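These notes concern the structure reproduced below.
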2 protein chains.
Amino acid sequence: MARIVMKFGGTSVANLDRIRHVASLVAAEAEAGNEVAVVVSAMSGETNRLVALVDGLDADRVKQGEALGGDIDDEYDSIVATGEQVTSGLLAIALRRRGLKARSWLGWQIPLRTDMAYSKARIAEIESSAIGPSMAEGNIAVVAGFQGISDDGRISTLGRGGSDTSAVAMAVALKADRCDIYTDVDGIYTTDPRIAKDARRLRRIAFEEMLELASLGAKVLQTRSVELAMNNNLPIRVLTSMAEVGDPNPGTLVCHEDETMEERVVSGVAYSRDEAQITLLRLKDAPGMVAKVCRAMSDANVIVDMIVQGISRSDSSANLTFTVGKRDLEKALAALNDAQAEIGFDGIKSDSDVTKVSVVGIGMRSHTGVAQTMFEALAERNINVKVIATSEIKISVLIDSEYTELAVRALHSAFELHTASAPKVSAP
Amino acid sequence: MARIVMKFGGTSVANLDRIRHVASLVAAEAEAGNEVAVVVSAMSGETNRLVALVDGLDADRVKQGEALGGDIDDEYDSIVATGEQVTSGLLAIALRRRGLKARSWLGWQIPLRTDMAYSKARIAEIESSAIGPSMAEGNIAVVAGFQGISDDGRISTLGRGGSDTSAVAMAVALKADRCDIYTDVDGIYTTDPRIAKDARRLRRIAFEEMLELASLGAKVLQTRSVELAMNNNLPIRVLTSMAEVGDPNPGTLVCHEDETMEERVVSGVAYSRDEAQITLLRLKDAPGMVAKVCRAMSDANVIVDMIVQGISRSDSSANLTFTVGKRDLEKALAALNDAQAEIGFDGIKSDSDVTKVSVVGIGMRSHTGVAQTMFEALAERNINVKVIATSEIKISVLIDSEYTELAVRALHSAFELHTASAPKVSAP
């Protein structure tokens with residue numbers, strides 16, 4: 001007998017048929033003798049509906065350019081948390097109708113304690129003193145994902161995608177043997193199969209690789225959930241909720257790297273269209289200038305990602321190029337304009353029609369030649385690289401968006417990711 | 001400065017425009033220096049949507065005639081309570097956007113404690129140790145109606161219409177000076193204005209009268225809320241949420257009877273189409289027979305309302321006629337068929353095409369002649385009375401449904417309810 005946590009995302013519980021199907025998958029695990037906790041998201045579309053209600057309240061004021069007074073994040077959380085509350089109740093009912101013992105658990109009932117950063121709260125502590133014994137008595141615990149309770153006794157939410165984090169955190173707190181993340185794809189792929197038809201499902205992937213892929217735009221797992229699993233050495237299985245009970249459904253195991261993995265240099269190619277590029281022209285080339293820019297961005301709550309400084313000119317000025325999230329672009333430009341005098345630069349150029357493409361692999365730690373292969377493949381297709389950023393296990397480039405598919409296919413092919421038997425690339 | 005509770009039903013918060021309008025009504029009370037708690041229902045249609053989700057889960061099983069295993073009322077409550085959770089958050093946001101201090105309170109946050117009769121819970125206790133000080137600090141308390149927390153820490157709901165009860169109970173717990181129930185009509189009328197065009201809004205009505213009217217089918221206030229207000233001598237004002245701030249909006253005050261009221265004999269005419277009539281033929285006329293019938297109904301969870309026994313026949317048998325709720329008719333007939341041998345009767349007749357029409361007035365305690373006026377008015381229109389029931393302050397008759405409008409108009413006219421200056425009927 002094992003204790004397992006199963007997590008189902010919005011598309012997996014999109015309607016009553018899907019919820020009944022999820023109940024059959026959960027029932028199979030429970031009837032096999034496992035202690036089961038299930039973490040559920042809101043039915044797909046429901047969170048958007050709730051957010052639209054909140055936004056709609058302000059629509060008139062926004063249209064008239066009025067200031068929106070008052071911090072509302074605590075109330076926002078109380079509203080959007082209802083999506084998961086409904087799903088957890090419905091799944092508990094579906095399980096009882098199958099003759100199983102089940103009950104729903106809301107964030108405040110567990111309690112799953114968070115800090116008070118409403119709408120993007122971080123988990124502080126999960127008490128298992130109530131839910132643990134309930135599970136030990138044979139009750140399936142159906143946990144509303146994405147939500148917790150703050151120090152002042154109000155509902156908090158973990159931010160978009162927080163249900164993955166809920167699931168991993170519950171698995172850690174419950175000392176679960178594993179955490180199965182059910183989603184609408186059947187695992188982690190070497191790249192987006194919609195772009196490269198020969199993309200291949202990975203049977204295993206290391207936490208570190210998954211972390212790079214998750215933060216680089218592969219939307220299967222939320223970054224924080226992978227970090228949490230890695231720090232607690234909890235294997236995550238990513239698998240499809242569309243399979244029938246009993247069908248083979250191996251998915252992808254996300255776990256600590258092992259020896260077979262090391263033989264693989266590159267595991268995947270990721271891309272993100274959510275980037276925008278900003279160039280500050282003729283920035284005065286003095287110590288602390290970049291820090292000033294970063295501080296201006298940080299004060300405006302804008303995260304700076306890739307950053308590159310041009311070669312210094314004779315007049316001791318240089319262009320500085322960096323990327324920010326596309327939806328932060330306007331905010332960033334406004335903040336930079338405000339700070340132009342203090343920072344000291346001549347002008348700003350920006351471009352939101354850019355894509356970040358990355359190759360990721362833990363094998364890059366011990367293998368050279370990845371950069372060479374990557375840039376040769378891009379150069380062969382005449383794809384111009386605007387910015388480069390590297391880490392120990394990834395290389396990212398910023399390119400014009402129109403080359404996105406071409407670049408992804410070129411890199412997928414250059415690293416022979418379509419085959420498990422490629423030289424230097426051994427399937428785990 | 002007063003402490004007041006304002007309650008807004010589903011149509012009053014039906015959409016974002018209505019919610020912003022409610023915020024303006026609440027703001028006016030707060031800005032006048034009052035401490036304000038607001039109790040809100042779900043947006044109209046929302047509770048039905050949530051109930052449909054729960055019902056939809058079982059639709060296949062019901063269609064196939066399968067038994068529905070497992071009690072689900074606790075999960076049902078957790079699901080439907082989200083309707084009020086959303087509204088309370090939205091109204092709190094709308095108030096903050098107006099520059100006011102406001103926060104939402106869910107049943108478990110107050111806490112409003114109930115028994116464990118999920119889906120029809122009764123309030124056990126309301127703690128005011130958190131919400132009271134918050135209000136005293138100038139925060140408008142926006143309370144999610146209809147919901148509480150049970151002894152085992154789960155969400156409970158008070159049953160349909162429970163938001164009125166929440167409001168009155170909150171007003172009692174907060175020692176409020178008054179409780180204003182905002183709804184989609186502008187007060188309590190002498191009868192249904194859709195039937196009698198000359199129906200008149202009452203400026204005052206006694207708790208006891210309101211109780212009879214509420215339980216007799218006038219759907220403005222929930223019976224339990226009126227009982228609670230009466231027992232705690234808390235005046236309720238019923239008024240429309242459609243009026244603009246500053247417009248005259250006197251509504252109807254529901255309060256203990258006073259001297260002006262006593263001059264009025266009849267206050268209103270109510271009707272209910274939710275009745276069904278059952279007649280047991282040739283019931284053995286022995287002591288305890290009626291009790292046996294009532295026990296059979298009670299065991300089947302069917303409430304018996306009006307009851308009349310026919311004149312005993314020479315063979316010591318008599319027909320027994322009584323009414324039950326229309327939706328309980330099938331259940332009642334099944335239980336009676338099962339108990340036929342034990343109770344002892346020859347056959348059953350039933351009719352669900354009946355209406356109960358009632359005249360209500362506390363003046364009936366000290367005035368005679370009401371019954372005579374009533375039966376003369378009905379006889380003049382050739383309306384056949386099938387069953388009669390009376391209490392100290394009301395007379396109810398059961399008639400064929402097709403005569404409903406005719407009977408209501410006849411009685412409204414016979415008691416001269418259209419005019420405040422009728423003889424023996426003085427407006428308060």
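Remember, it's a predicted structure, so these values are computed and weren't measured experimentally.
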Mind ranking B/Asp58, B/Val80, B/Asn15 by heavy-atom pairs under 4.5 Å with chain A and telling me who comes out on top?
B/Asp58
Does any backbone or side-chain atom of A/Leu50 lie under 4.5 Å from a heavy atom of chain B? Answer side chain, backbone, both or neither.
side chain
Checking heavy-atom separations under 4.5 Å from chain B, one finds in residues 16-40 of chain A A/Leu16, A/Ile19, A/Arg20
In this structure, OG1 of B/Thr82 is separated from CD1 of A/Ile79 (nearest 0.5 Å) by 12.0 Å
Should we count CD of B/Glu330 as having more than 12 external heavy atoms under 6.0 Å?
no
Ranked by heavy-atom pairs below 4.5 Å to chain B, first place among A/Leu90, A/Ile155, A/Val54 goes to A/Leu90
State plainly whether the residues A/Arg103 and B/Asp152 are in salt-bridge range, i.e. N to O under 4.0 Å.
no
In terms of heavy-atom pairs under 4.5 Å, which option from A/Ile149, A/Leu100, A/Asp77, A/Leu57 contacts chain B the most?
A/Leu57
Would you mind checking if A/Arg49 and B/Glu46 are paired as a salt bridge, meaning a charged N to carboxylate O distance below 4.0 Å?
yes
Check this for me: B/Arg122, atom CZ, are more than 12 non-hydrogen atoms of other residues, nucleotides or ligands nearer than 6.0 Å?
no
In short, B/Ser88 meets A/Glu75 closest at the heavy-atom pair O-OE1, 4.5 Å
Which heavy-atom pair separates A/Arg97 from B/Ile72 by the least distance, and what is that distance?
NH2-CD1, 3.6 Å
